[in-house]
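Okay, structure first, notes after.
Lettering follows sequence order; numbering is per chain, from 1.
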Amino acid sequence: MPVKTTAKPVTILMADDDPDDRMLMKKALDQNQTPHHLRFVENGVDLMDYLPVRVNYLEEKAIKPALILLDLNMPKMDGREALRLIKTDPELRRIPVVVLTTSKAEEDIFITYDLGVNSFISKPARFQELVEVTREIENYWFGTVDLPSK
Amino acid sequence: MFKKYYTQITLLLIVLVLLTVSILTYRNLNNYIEEVNQIRYSNQVLQVLEEVFSAVKDAETGHRGYQLTRDTLFLTPYNIAVASIILKIKTLDSLVSKNTEQRQRVDTLQSRINYQFLIISRILANTVNSGLYMDTYEKNLLIAGRLNMDEIRRVVKEIKVIQSQILVDRIKKEKTFREIAPFAILAYSLLAIAASIILFNRTLTALQNKDKTELLLLENNKSLKEEMALRQFTQSFLSNVLNHSLNGIIAFKSIRQNNKLVDFEWTLVNQEAEKLVGRTGSELIGKRLLQEMPGHKDDLFDKYVTVVESGQSLILEKLYKSENINSWFLIGAVKLEDGLITTFADISERKLKDSQLLQINEDLRRSNEDLEQFAYVASHDLQEPLRKIRAFGDLLASEFKEVDGSHDYIYRMQNAASRMQVLIDDLLSFSRASRGTSQFEKLNLAAIITEVLDDLEAQLEREQAKVIVQDIDQSIVGNKVQLKRLFQNLISNAIKFHKANASPMVTLSVKNLPKDEFNDRFSGLDKKINYLKITVEDNGIGFNNQYGEQIFNIFQRLHGRLDYEGTGIGLAICQKIASNHRGYILAISEENVGSKFIVILPRE
C-alpha cells in the first residue's frame, strides 16, 4: 500500500551510523513508493553540519529536511546531544524529530521526550514491520498533521 | 569541756566540801574538848584554891592552938600545911598559867600566903623565947597576920568568883559545842553519804558505760573482722575476675601539672594486659604511660585525655606499632575518677579476616557489576545484529523464490531468532532491574495493578483468566516501571502456568505486614518500617516446594520450553525488583493445587 502523495516531495533526513539500517530504511521507503527524498548523515556532528545551525540557512546543499529520523547511539556526537542542540535552537526546533533506535530503555524514552522529541520508535525486528512503521510515519507527518510552512 | 571533766570536777567539789565540813567538825570537837578541859581546870583551880586556903587556915589554927597551949601537937596541921602549901600553890599557878589576870591574882595570893607563913614562923619563934603573955611584938605580928589573913581571904574570894565566872562561861560554851557537835557530825555524815551516793552513782554509770563501750567495741571488732573477711574475699574475687578476663584491663591515674593532664600513671594491670603488652604489672605500676609506652603519643594519649576531661567513653580499633608490638587492638576507655580504665583485646586475626572479607566482597561486587554491565552491553549490542538477521531474513524470504524448501529453513531461522529476541529482551530487563533506578515516587498500588491488567488484557482474554483483586487501595513508594514489571511477571506467570482442565484464577490481596511475622525468614526487615504484604495466589499447576528458592534464580526453569514458553528470567527480575525496593519475595506452592507468591515491600 503506497503512501498518500502530497503536493510536494520533501526531504527526510536520517542520522544513523549503521549502513544496514540505512539500507533497510531505503528499502522500506522504496517499498512504500515514497515520493520523498531520503538523505543520510552518519553521526551527530555530520547532522549538525548538515543542518544550517548558524547563518547559511538556505545554502544550496542544505535542503531543509521536513523530518529527521534520529538514531541515538552514534559515534562522535550521539543522538541525545544532537536532539538537545536541535530542540534548543529557535529555528531548528520546529523540525519534527523521530527517534528511531534499537534501544527500548525507559531512561532513553524519558530523556528524549524531555528534550522535546516528537516521537520515539524502536526499530522493529521484522522487515515488514519496518515498512509499516515508515508508512505510518510518512502518512502521519506528511498527511495527517500540519507543519509550519517554510 | 565541762562535760569532759565532769567527773573530775564533781569529785573535786565533793572532796572540798567534805574537807571543809571535816575541818569544821574537827574544830568544833576540838573546841568542845578544849572547853571540857577548861571546865576540869576551873574545877581543879577552885578545889586547889580551897585546899590552899584551908591549908593556910589549918596553919593559922595550928599556930594559935600552940600559942595557947604550947603543945606542939597543935603544930602538926601547921607543919603539914607548910610542907604541902608550896606544891599546892605551884599546882594552882600552873592551872591558871594561861589566864594572866588569875595568875597575877594567884601570884598575889602566893606572896600573901608566904607573908602569912613568915608571920606565923616569926610568931612561933617569938613564942619559944617569950613567956605566957603576949608582948607587943607578938601583938603586932598577930595584927599583921590578921590583916594579911583578911587580904588572903579577899584574894581567894576574888579568884574564886572570877574562876566561878569562867566556869559558868565554859559550861555555857561547852553546852553550845556539845549541842552543835551531833548536828555537825550528822550533817557531815549526810554529806558524806550523799557524796558517796553521787560518787557511787557516777562510778556505776561509768562502769556501765565502760561495759557498754566494751560490748560495742567487741561488736565493732566483730563486724570489722567480718568486713575485712568480706573485703578480702571481694578483693580476691575481683582480682580473679580481673585476671581471668579475656580482655586486657589497665587502670590509669591522671598526672597533672598546673591542672593540665600531662601523662598517666599505671595503677592496675591484669594478667591478659601483661600478656598483650609484654610487660609485668610490677614493672609498670607507678610508672608513666608515655615513658613506658611512647607509642601512645601519636593520638591514643590525646584520646584518653579527652575521655578523662569529657567523661565520654571511647571505643576504637587501632593498629599499635611500637615497643615491639605490632597488632590491631580493640580499645575501650572509660573515665574513672581522675583517670581511666582501658580494656583491650588483640583483634589482629579478626582484622586480617575483615580485610580479607572486605577484599572478597569488593571483588564480588566488582565481578557482579562487571557481569551486569556485560549482560547489559551484551543484550543491548546483541539486539542490533539479531534485528538485522531477522530483517534480512525477511527480505530473503520475500524477495527470493523458494528453492527446495529454502523458505522452511528461513522460517526456522527466523523462529530461533525470534526466541533469541525474547531472551535478549528479558535479559535486558533483568540487567536494567539490576542497575537499579533512582526514580522513586509515591504510587497507588491499585492504579499500578489496573495498568498491569490492562497490559495483560490479551493474555487474560486468550486464557479466559479471572483476576480477583482484594483491598488493593494502598499507597506505596517505589519505582513505577519496576513495580509494574514485578506484578506483570507474577500475574502473567500465574495465568501462564494454569492447569489444562481449569481456567486460571488469580487472587491478588494486600495487607499490612503484622509485626509478629518479622521472623527469621525476613531477617533483613527493619522493625521501624511499615511493610505491605502483597499476595498473588493462583490455582495453577504449582511446583514442589523444594524449588521455592531456586525458581528465583536467573534462567531457572521447571518446565520444557515446549510446555510453557519463557526464558527463566521473569522471577529473577521480580526478586531483583523486590530487593531494589528493600523488600522480599518468596513462593509457597503445592503441586496441582496452586502457587502463592508473597511480596513484602516497605510502604515508604
Under 3.5 Å, which donor-acceptor pairs do the side chains of residues 447-458 of chain B form with other protein atoms, sequence neighbours left out?
| from | atom 1 | to | atom 2 | distance (Å) |
| --- | --- | --- | --- | --- |
| B/T450 | OG1 | B/A446 | O | 2.7 |
| B/E451 | OE1 | B/K484 | NZ | 3.1 |
| B/E451 | OE2 | B/K480 | NZ | 3.0 |
| B/D455 | OD2 | B/K484 | NZ | 3.4 |

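For B/D394 and B/Q414, the side-chain atoms include at least one donor-acceptor pair closer than 3.5 Å. Side chains of B/N444 and B/Q474: no donor on one and acceptor on the other come within 3.5 Å.
Here B/F597 contributes atom CZ and B/F552 contributes atom CZ; the two are 5.0 Å apart, rounded to the nearest 0.5 Å.
Of the atoms belonging to B/Q421, it is side-chain heavy atoms, and not backbone ones, that fall under 4.5 Å from chain A.
Among the residues in residues 19-30 of chain A, those with a non-hydrogen atom closer than 4.5 angstrom to a non-hydrogen atom of chain B are A/D20, A/D21, A/M23, A/L24, A/K27.
Taking the six-membered ring where tryptophan is involved, the planes of B/H581 and B/F440 are tilted, since the angle between them lies from 30° to 60°.
Listed for the A/R126 side chain is no donor-acceptor partner under 3.5 Å among the backbone atoms of A/Q128.
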